[in-house]
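Just follow the structure's listing: the first ligand is 1, and inside any ligand the first atom is 1. As the structure is a computational prediction, the values presented were derived from the model and not from experiment.
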Amino acid sequence: MQLPAIKRGKFITFEGIDGAGKSTHVAWFAELLGERLKPFGHQVVLTREPGGTVLGESLRELLLHQTMHLETEALLMFAARREHLAQVITPALSKGDWVISDRFTDASFAYQGGGRGLPIEKLNQLEQWVHPELQPDLTLLFDLPTETARQRLSNARSPDKFEREDGDFFEKVRNEYLRRAEQSPQRFLVIDGALSIASIREILSDKIANLLDQSIANG
Ligand code: ADP
Ligand code: TYD
């Protein structure tokens with residue numbers, strides 16, 4: 001029996017405050033999606049921000065470990081993103097691959113905008129400049145109270161520049177993520193990070209089934 005065609009790849013992003021649980025699932029999600037897409041002849045590209053290219057990974061080192069002016073931080077995030085789009089995201093989507101990015105522009109709105117207080121208008125301008133046409137097809141937002149996220153992180157790893165910020169900063173980051181999710185309910189799926197890992201995987205696996213059904217229906 002011939003399989004129905006899926007023509008277009010989708011762009012999926014993972015977001016959330018540090019410690020909300022995104023890294024626990026992103027590679028698993030990419031692998032499961034890749035298996036499901038194989039019969040249709042599509043591949044999954046798993047990437048991350050800041051990073052995803054040689055230049056982007058160098059910028060990530062600076063961004064995660066050096067103190068800098070807030071606008072410099074925002075500009076470098078978008079500079080890394082410009083390269084990421086040119087070298088990885090756009091070419092992959094153009095040939096029909098699916099792209100999963102561990103963070104994208106919502107993180108700039110949440111961290112540089114919400115957390116650090118850069119005016120949203122400036123971020124809108126950068127977004128307009130760097131990717132006027134492209135938005136993720138789906139954004140999985142891992143949401144968790146900041147105190148729980150902090151406790152989880154304290155057991156997990158040594159903190160980078162962002163992870164050393166205080167609870168108030170993460171409260172603002174979280175609120176900005178939730179505000180954006182409310183603004184674009186079609187694009188966001190908010191996942192309760194307090195659920196067990198197994199329950200979250202069930203939700204993610206249902207979402208993959210749902211995405212494939214949609215893609216088959218729409219080509
Ligand atoms: P993030 O990538 O969002 O910063 P991680 O996935 O690294 O967060 O998770 C932070 C810590 O919390 C890790 O030690 C991880 O094992 C743990 N963790 C992740 N998800 C859950 C969960 N649903 N329940 C309990 N602990 C979790
Ligand atoms: P993250 O992706 O969470 O990596 P890890 O799980 O290895 O810590 O770390 C990237 C950090 O960069 C995170 O604290 C959020 C921050 N960030 C921004 O502030 N703005 C952005 O636009 C992006 C993409 C990330």
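Geometrically, Arg174 does not engage Tyr177 in a cation-pi contact, judged by NZ or CZ lying under 6.0 Å from the ring centre and within 45° of the ring axis. For the pair Arg150 and Phe170, the cation does not sit on the ring face, since its NZ or CZ is not both under 6.0 Å from the ring centre and inside 45° of the axis.
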Original post:
Can Glu165 and Tyr111 be said to form a side-chain contact (heavy atoms from CB on, under 4.5 Å), step by step?
Top reply: CA-CA 11 Å; Glu165 290 289 344; Tyr111 282 77; over 6 Å; no
Original post:
Stepwise, does the side-chain contact (heavy atoms from CB on, under 4.5 Å) test hold for Leu134 with Ile89?
Top reply: CA-CA 10 Å; Leu134 181 75; Ile89 299 175; 4.1 Å; yes
**OP:** Verify side-chain contact (heavy atoms from CB on, under 4.5 Å) between Leu138 and Lys10, making sure each step is shown before the conclusion.
**Re:** CA-CA 8 Å; Leu138 170 68; Lys10 282 194 194 294; over 6 Å; no
**OP:** Go through the steps for Asp160 and His65 under the test side-chain contact (heavy atoms from CB on, under 4.5 Å), then give the verdict.
**Re:** CA-CA 6 Å; Asp160 60 38; His65 301 291; 4.2 Å; yes
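Put simply, the residue from Leu126, Leu123, Val130 that forms a side-chain contact (heavy atoms from CB on, under 4.5 Å) with Ser108 is Leu123.
Between Phe14 and Phe29, the ring planes lie perpendicular to each other; the angle is over 60°, past the 30° to 60° tilted range.
For ligand 2, the 4.0 Å heavy-atom shell takes in Asp18, Lys22, Ser23, Glu49, Pro50, Arg60, Leu64, Met77, Arg81, Arg103, Ala107, Ser108, Tyr111, Gln112, Arg157, Asp160, Phe162, Glu163, ordered by chain and residue number. Every protein residue with a heavy atom nearer than 4.0 Å to ligand 1 is included here: Ile17, Asp18, Gly19, Ala20, Gly21, Lys22, Ser23, Thr24, Arg152, Ala156, Arg157, Gly193, Leu195, Ser196, Ile197, Ile200.
The pair Arg48-Glu57 meets the salt-bridge criterion, with a side-chain N (NZ, NE, NH1 or NH2) lying under 4.0 Å from an Asp/Glu carboxylate O.
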